[in-house]
**Student:** 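Quick one: the structure is below, questions incoming.
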Amino acid sequence: MTTDQNPTENEAIEPVKVEETTPVAAETSEMLAKEVEAPTTEKEVSYPLFDFAVATKDNFLTYFGTIKDIVSEHAHPGTYKKVDEITKEVKEAWSQLKYAEKQAAAEAFKAANEGSDEGFDFKDEAVHAVDQLINHIRTEKQAFFQGLEKAREKALEGKTRLINELRDLVDKDDNGDPAHVNASFKAFKKIQEEWKGLGAVQGQMNQTLWQSYHALVDRFYSNRSIFFELLELDRKKNLQAKEIIAAKLEKLATAVAQATNLPVLLKEAEELFNEYKHIGPAHREDNEAMWQRVKKSLDVLFEQKRQIQDANKAVFEENLKIKKELAGLMHGYSSFTSTSISEWNQASKAVLALQEQWGKLKGGLPREGGKEVSHQFWADLKTFFKLKSDFFGKIDAERKANLAAKQQLIEQVEGIVAVGTETQEITQTVIELQKKWKEIGHVPEKQKDSIYAKFKAACDNYFNLKRSASRGAKDAEMDANLAAKQAILADMEAMLKDASLLARLGEVKAAWDAIGFVPKKNVKDLQEAFRKTWNALIDLARTQPKEQLAAWGFELKSLKTESAAPESSAPSADSRKKIQALENDIAVLTNNLEFFAKSKNSEKLRAEVEKKIAAAEKELEKLKKS
């Protein structure tokens, strides 16, 4: 049997004009040339989306594990093309992470081995697991395409061999010997069946092979003129086979009109047409009538596909428009810069929202413009997270340096306390260290409270030492009080620049109120500065979200603004003398109380002294509050 139509993988060719062949309508032939390989066996695959914001080893392991499962279950050229596209940047990010891990391990090894890297061997189970997955995917891809290429080479080799066998059969055909004719016909049918079973050959060679095959088949049947009865029987069988296929195609065309699953129908139609074109000819008039039936069904099927493609084109254009807008928004973040952690976190949320919208947009993109906009979007996304990584890397480094600097200040104050000496110069040194503390920036969040508590405790120890050494020196005490209140003012001014410090506002107020008197000449200015700063902090607190205040345990209603009225001035000279006298009396009476405790029959005297101490303390408290 000969074939009716023999389109290549990329185009259809006109059949050889012999008596047994069937004419083909030019327009349908062109259509089939385009459609014969259009249906694909590639199944719909859901590809994972990698989150560059959480680029951990576990996430890489999960991601490439999913990719491995996809290529194992959906081996297809389209699958590998898509995998190459979506994993390109992920592999680059993985290489950077792996390089950073190895460098860090090498540095740690050197640090532990006096700067030598001799014997260093980087081993990480997670890194090894991810690399194994990547290598497995690469190996699977190579094996797949090698197999594909071998199949095509095998088809080319087989069809070339069959053409040579057929040419040899035709050239040596002897119609005068019935036995030879019968044997040659069996050999011809064997060649024809084997040809049908071979796959497609890529490129122009496919068309050349079909033309040669057709010409040789035509010659063979021309030489079979003495076997018209056999040929007639063969034609009847061919007509019956074509009738079955034509009926099936008509059924598929009806199903398309009922909006049944088009991709499945087109695949089945392509397989039926492939079978049809391998069936030999019937009588010319029957051949033509049958072909018209087949053509009519194919026209319906592929017209529907063209309509869907046109509709998809509109969808693709709309997708391109939307993705251009998303890419434009993403491009704005490719040059994002800020010194605020909060602003970086807000920008990250916006970028991830754009990425999510991009991923949710279903359907493809047109060839023209689609690749460029996708490349721009993912490049800008990667650039943003690179900038973010650099920013937080710099912040971490600065905070670690600040932590080390503050630790040095703590050690200096603790060293001063350990010596146990207090002078005006040493006090000034401690005050300068407090100022330096305020000037140093943030430390890592985990150490923020503990490092501050250590520094405050060290400073408190020194000033306690100073107060115990100069209990009667009120002027020195008030100077220390002044320095302490100035330090609190500096602390409050720092809060105006960093709202997260407002959580300590109540503590600051309590610390201010707990500090004693300051020199009279400084009272007015100091209180006015406190009032302005305090009121500004209350105003700042009112702008913060209630949830944030609640998280700090902050009760705004318990903290009121300060009025413009100045704080009570320092005690007068007369009051100070009374206070000093009372403090001296209390000290003397306390010493006497210790003495009475060692004497016999001193209960009455002890009670009188305790009464005097209580009265003196009550009077002293009243004077301090006045």
Side-chain angles (χ1 to χ4, degrees), residues 1-16 20-42 76-77 148 151-152 154-156 158-159 162-163 166 189-214 217 234 237-253 255-256 261-282 287-288 290-306:
M1 294 182 291
T2 62
T3 58
D4 295 303
Q5 293 80 31
N6 304 287
T8 67
E9 294 180 355
N10 297 310
E11 62 178 348
I13 62 171
E14 292 293 330
V16 180
E20 277 69 38
T21 58
T22 302
V24 181
E27 65 276 14
T28 303
S29 183
E30 291 175 0
M31 174 191 73
L32 292 174
K34 298 177 182 177
E35 302 293 349
V36 68
E37 288 197 346
T40 174
T41 59
E42 183 182 9
H76 186 274
L148 202 62
R152 289 170 177 169
K154 182 178 180 181
L156 175 61
K159 287 190 174 183
L162 290 176
I163 285 176
L166 184 56
K189 298 296 290 186
K190 181 180 178 181
I191 291 173
Q192 191 178 40
E193 287 300 318
E194 187 175 353
W195 177 278
K196 180 179 177 181
L198 291 174
V201 176
Q202 292 291 327
Q204 286 228 294
M205 182 58 71
N206 190 56
Q207 182 175 347
T208 303
L209 290 171
W210 269 106
Q211 289 174 335
S212 299
Y213 178 76
H214 251 290
V217 168
D234 197 33
K237 290 181 179 179
N238 291 343
L239 181 61
Q240 292 171 356
K242 290 186 175 186
E243 172 71 32
I244 294 172
I245 291 178
K248 290 181 178 180
L249 287 171
E250 287 168 346
K251 186 177 180 180
L252 292 179
V256 166
N261 191 346
L262 182 62
V264 175
L265 296 180
L266 289 173
K267 176 61 181 174
E268 187 176 351
E270 186 268 336
E271 292 173 350
L272 287 171
F273 177 68
N274 190 51
E275 183 179 352
Y276 180 90
K277 67 180 183 176
H278 283 88
I279 299 174
N287 237 15
E288 178 61 23
M290 196 60 62
W291 170 242
Q292 290 303 321
R293 287 179 61 186
V294 170
K295 175 183 177 299
K296 183 178 179 181
S297 299
L298 292 175
D299 286 344
V300 171
L301 287 163
F302 290 108
E303 175 60 27
Q304 185 68 20
K305 180 170 184 179
R306 274 197 291 270

**Student:** Is there a side-chain contact between K248 and I244 (heavy atoms, below 4.5 Å)?
**Tutor:**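 Heavy-atom side-chain distance check passes, below 4.5 Å.
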
**Student:** Distance from L162 atom CG to K190 atom NZ, nearest 0.5 Å?
**Tutor:**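 Answer for the CG-NZ pair, L162 versus K190, is 10.0 Å.
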
**Student:** If I take atom NZ from residue K196 and atom NZ from residue K277, how far apart are they, to the nearest 0.5 angstrom?
**Tutor:**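 So the NZ of K196 and the NZ of K277 are separated by 11.5 Å.
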
**Student:** Can you say whether the rings of W210 and Y213 are parallel (under 30°), tilted (30 to 60°) or perpendicular (over 60°)?
**Tutor:**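 The rings of W210 and Y213 stand perpendicular, inter-plane angle above 60°.
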
**Student:** Evaluate the side chain to side chain contact (heavy atoms under 4.5 Å, CB included) criterion for residues L272 and V294: first the C-alpha distance (whole Å), next the side-chain angles of each, then the deciding distance (0.1 Å), finally the verdict.
**Tutor:** CA-CA 10 Å; L272 287 171; V294 170; over 6 Å; no

**Student:** Tell me whether K267 is salt-bridged to E270, with the criterion being a basic N under 4.0 Å from an acidic carboxylate O.
**Tutor:**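 Counted as a salt bridge, because a side-chain N and a carboxylate O are separated by less than 4.0 Å.
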
**Student:** Looking only at heavy atoms, which two atoms of K242 and G280 are closest? And how far apart?
**Tutor:**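 Result for this residue pair: CE-O, 3.4 Å.
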
**Student:** Can you find a heavy atom in the side chain of E271 that is under 4.5 Å from one in the side chain of E275?
**Tutor:**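 Side chain of E271 against side chain of E275, heavy atoms only: no contact under 4.5 Å found.
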
**Student:** Rounded to the nearest 0.5 Å, what's the gap from CH2 on W195 to NE2 on H278? Could you check?
**Tutor:**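 So the gap between those two atoms works out to 8.5 Å.
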
**Student:** Could you state the interatomic distance from OG1 (T208) to NZ (K159), rounded to the nearest 0.5 Å?
**Tutor:**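 Here the interatomic distance stands at 12.0 Å.
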
**Student:** Working note: E250 + K296, criterion side chain to side chain contact (heavy atoms under 4.5 Å, CB included); need CA distance, chi angles, decisive distance, verdict.
**Tutor:** CA-CA 8 Å; E250 287 168 346; K296 183 178 179 181; over 6 Å; no

**Student:** For I279 and A241, which heavy atoms make the closest approach, and how far apart are they?
**Tutor:**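 For I279 versus A241, the nearest heavy atoms are CD1-CB, 3.6 Å.
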
**Student:** Identify the heavy atoms of L249 and L298 that sit nearest to each other, and give their distance.
**Tutor:**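 In terms of heavy atoms, the two residues are closest at CD2-CD2, 4.3 Å.
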
